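Quick notes on the structure that follows.
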Amino acid sequence: MTDPTFPTLRTLLETAVQAVPRNHIFTRWFANGAWQHRTYAETLDRVRILAEWFGTHGLIPRKTHVALLLPNGPDWIESYLAVTSIAGAIVPIDPKLTAPELHHILSDSEATFLVTDPAHLPLVKEVAPTLPALQQLLLTAAPIDIPAPLPTTLLPSLFHDYPDDHSRRVWDDPSCIPTPEDLCGILYTSGTTGKPKGAMLTHRNFSADAIGALTLISEYVTPKDDFLVVLPLFHAFAFTANFVVALRAHARLSFLRSLRTLQADLAALHPSVLMTVPLMAEKLHNHLLETFHSTLLGRFIHRFLPRLAGRKILAALGGRLRLIIVGGAKADPTVVGDFVRMGIPLSEGYGLTECAPVVSVCPPSHIRVGSIGPVIDGIQARIHNPNNNSVGELQIRGPITFRGYWHNDEATQDIYDGDWLKTGDLARIDAQGYLTICGRAKTLIVNREGKNIYPEEVEQAIGRSPLISAVVVLAYHTHGEPGEKVGALIAPNREALARQYPAATTPEAISALLREAVKHQCQALAAYKHPRKIVISPTPLLMTSTQKVRRHAYAGMLDE
């Protein structure tokens with residue numbers, strides 16, 4: 001039996017339409033020179049039409065996979081809801097992938113349909129000839145010069161031709177109505193540890209995750225709230241935290257145009273909830289501090305009247321922002337602490353794709369700097385094989401854990417310990433149930449004295465330097481010597497270097513400055529944690545969609 005407390009996405013949408021006024025806005029986006037909007041009721045009408053199209057053009061419930069290669073926007077939302085509302089599964093894809101990466105995902109997932117836009121047709125045309133499973137394209141607009149490589153339907157024409165189509169043959173077919181246990185999405189991991197694997201997540205996984213997370217932040221999320229969608233929805237954190245949570249709460253989604261228009265969009269949209277990654281929170285924090293610290297009065301207010309500083313910051317962020325949650329990577333405690341000190345509730349959360357993805361979040365009313373909070377409602381956590389410091393691998397059990405990896409039984413078996421999902425993260429839990437992440441089990445560095453070094457701790461210390469844009473701390477080996485040593489690969493922030501040290505133009509001068517910066521940033525760490533080898537990268541480090549360094553790409557490069 002399925003648990004009725006965990007609805008499908010279709011049920012969440014239908015419930016929202018019944019619960020809110022007909023003019024209650026669901027999505028807002030910028031197009032044709034102005035902000036557009038669509039209500040919950042209008043969204044359901046469009047989702048039904050699109051679902052009927054899929055159902056009459058070959059989508060087989062519980063068998064067909066539909067790939068989604070689009071930027072954020074209402075087309076993304078409606079396509080996802082249409083497919084999953086008739087028991088199909090979505091394969092969301094990063095629009096910035098290269099042809100080989102796109103080919104791998106489309107091939108591995110056996111996607112039959114692809115929903116995309118004209119901008120990605122050259123990429124699709126390159127990979128389509130070697131993808132026999134891919135049969136049809138659904139385009140969001142007509143291409144100008146590039147012919148589509150497959151049978152193609154235009155999304156605007158579909159809605160234009162059937163504006164009053166109330167056919168519900170597919171929609172009402174009992175075999176097409178999804179259950180909570182049905183596959184909802186195949187999400188390919190961001191690839192920090194190798195070739196992406198397809199994590200199979202069900203309707204139950206996503207709805208249980210949204211419901212559990214809302215229990216911890218319920219006082220901050222209501223139907224009156226407006227979520228500013230900054231992160232790409234193909235990523236699990238953005239999908240659940242921005243989309244499913246908002247849908248469950250009957251709130252509004254407002255899509256940011258771009259990071260370049262952030263200030264203008266904040267002023268126009270007045271959002272109340274922001275879900276983002278630590279890097280963006282840090283950049284926002286640094287930008288705001290530069291504004292304050294540009295004057296003596298500003299520095300005084302920030303230091304001695306933090307709540308007043310907080311009110312000024314909130315006004316600059318649109319005036320309604322009540323909640324910021326960061327996830328996807330470890331947040332800088334200094335940034336979190338400063339936001340909290342200024343009265344701005346910035347909560348850190350934690351999760352992984354295989355858990356749909358939110359595992360824990362600090363309640364906004366009880367934020368502990370440096371902690372990722374207690375686990376969400378309805379799941380269990382344990383620390384497996386803790387050491388003398390009570391640190392061990394964090395493992396999770398409950399309705400949010402995924403079905404497994406598509407076409408990869410071996411990897412599925414490896415990630416489970418009975419019915420406990422192994423996160424691969426080292427953590428500890430205090431008496432109040434608050435979690436603190438200490439590092440990755442697979443990245444742990446053990447030196448010749450047997451001391452444990454968590455690379456993330458060292459990276460966070462080094463990364464606070466404004467002269468450094470990215471850093472990855474790696475173990476390296478010296479031929480003939482036992483144990484691992486600590487090394488660091490660093491990408492310089494060339495703009496900051498030019499601004500602060502305009503005379504430093506040679507590689508030698510820049511290297512000296514960066515090495516001194518690393519030494520300074522590591523002063524608070526034990527000596528055995530300091531990098532003994534520092535390599536300056538001439539190019540930016542490879543990053544995932546959540547701005548984490550692709551660590552696997554640099555494995556072994558420091559060995560001697």
Side-chain angles (χ1 to χ4, degrees), residues 192-193 278 327 329-334 336-337 348-352 354-355 359-362 366-376 379-398 401 414-464 471-478 481-488 518 521-533 548 551 555 558:
T192 58
T193 57
K330 187 173 178 58
D332 185 341
T334 303
V336 177
E348 186 173 2
Y350 163 83
L352 63 162
E354 292 82 356
C355 288
V359 169
S360 69
V361 63
C362 266
H366 295 86
I367 294 173
R368 293 190 187 177
V369 177
S371 171
I372 55 171
V375 294
I376 64 173
I379 70 170
Q380 296 173 280
R382 74 177 183 183
I383 302 299
H384 186 62
N385 287 337
N387 61 17
N388 293 335
N389 296 319
S390 300
V391 174
E393 184 186 41
L394 175 64
Q395 298 187 350
I396 303 298
R397 181 167 67 183
T401 60
D414 286 345
I415 202 172
Y416 273 105
D417 181 2
D419 58 352
W420 289 92
L421 186 138
K422 300 184 287 186
T423 68
D425 286 309
L426 299 171
R428 59 175 178 268
I429 304 177
D430 68 15
Q432 288 72 45
Y434 274 63
L435 287 159
T436 299
I437 297 295
C438 302
R440 290 285 297 169
K442 291 184 179 180
T443 63
L444 181 69
I445 300 171
V446 182
N447 69 11
R448 63 185 301 173
E449 289 82 29
K451 294 184 181 293
N452 293 343
I453 298 105
Y454 302 112
E456 294 83 358
E457 179 188 13
V458 185
E459 289 165 356
Q460 193 169 82
I462 295 172
R464 293 192 187 114
V471 56
V472 58
V473 170
L474 304 163
Y476 74 94
H477 302 83
T478 300
E481 295 185 16
E484 298 176 321
K485 299 177 182 178
V486 182
V518 170
Q521 295 300 126
C522 290
Q523 284 180 341
L525 300 178
Y528 68 87
K529 299 178 183 179
H530 293 196
R532 298 177 63 179
K533 175 186 278 190
K548 291 184 285 189
R551 188 182 300 275
L558 302 184

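All of these numbers come straight from a predicted model, not from anything done at the bench. Only heavy atoms go into these numbers, but all of them, side chains included; no hydrogens, no water, no symmetry mates.
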[X] [atom1] to [Y] [atom2] distance, which is reported to the nearest 0.5 Å:
X	Y	atom1	atom2	result
I445	E457	CD1	CD	11.0 Å
Y434	H366	OH	NE2	6.5 Å
T443	L426	OG1	CG	7.5 Å
L558	E484	CG	CD	12.0 Å
L421	I396	CG	CD1	7.5 Å
I383	L394	CD1	CG	5.0 Å

Over all heavy atoms of both residues, which pair between [X] and [Y] is shortest? Give the atoms and the distance, please.
X	Y	result
L525	V458	CD1-CA, 4.1 Å
C522	H530	O-NE2, 2.7 Å
Q395	E393	NE2-OE1, 3.1 Å
I437	A427	CD1-CB, 3.8 Å
L444	I453	CD1-O, 3.5 Å
R551	P455	NH1-CB, 3.9 Å

Original post:
Is there a side-chain contact between P333 and Q460 (heavy atoms, below 4.5 Å)?
Top reply: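 Yes. Closest side-chain heavy atoms under 4.5 Å.
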Subject >> Any side-chain heavy-atom pair of R532 and V486 under 4.5 Å >> reply: no
Subject >> W420 vs Q380, side-chain contact (heavy atoms from CB on, under 4.5 Å): CA-CA, chis, key distance, verdict >> reply: CA-CA 9 Å; W420 289 92; Q380 296 173 280; 3.9 Å; yes
Original post:
Within the distance-only criterion (no hydrogens, no angle test), does the side chain of K485 pair as donor or acceptor with the backbone N or O of T478 below 3.5 angstrom?
Top reply: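 Between the backbone of T478 and the side chain of K485 there is no qualifying donor-acceptor contact (under 3.5 Å).
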Subject >> Flag, side chain of N389 to backbone of V391, donor-acceptor distance under 3.5 Å >> reply: no
Original post:
Which residues pass the salt bridge (Lys or Arg N to Asp or Glu O under 4.0 Å) test with R382, sequence neighbours left out?
Top reply: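 Per chain and number, R382 pairs via salt bridge (Lys or Arg N to Asp or Glu O under 4.0 Å) with D417.
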**OP:** Enumerate the residue pairs fulfilling side-chain hydrogen bond (donor to acceptor under 3.5 Å, both in side chains) with a member in residues 421-431, sequence neighbours excluded, ordered by first and then second residue.
**Re:**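 Sorted pair list: Y350-D425, R368-D430, D425-R440.
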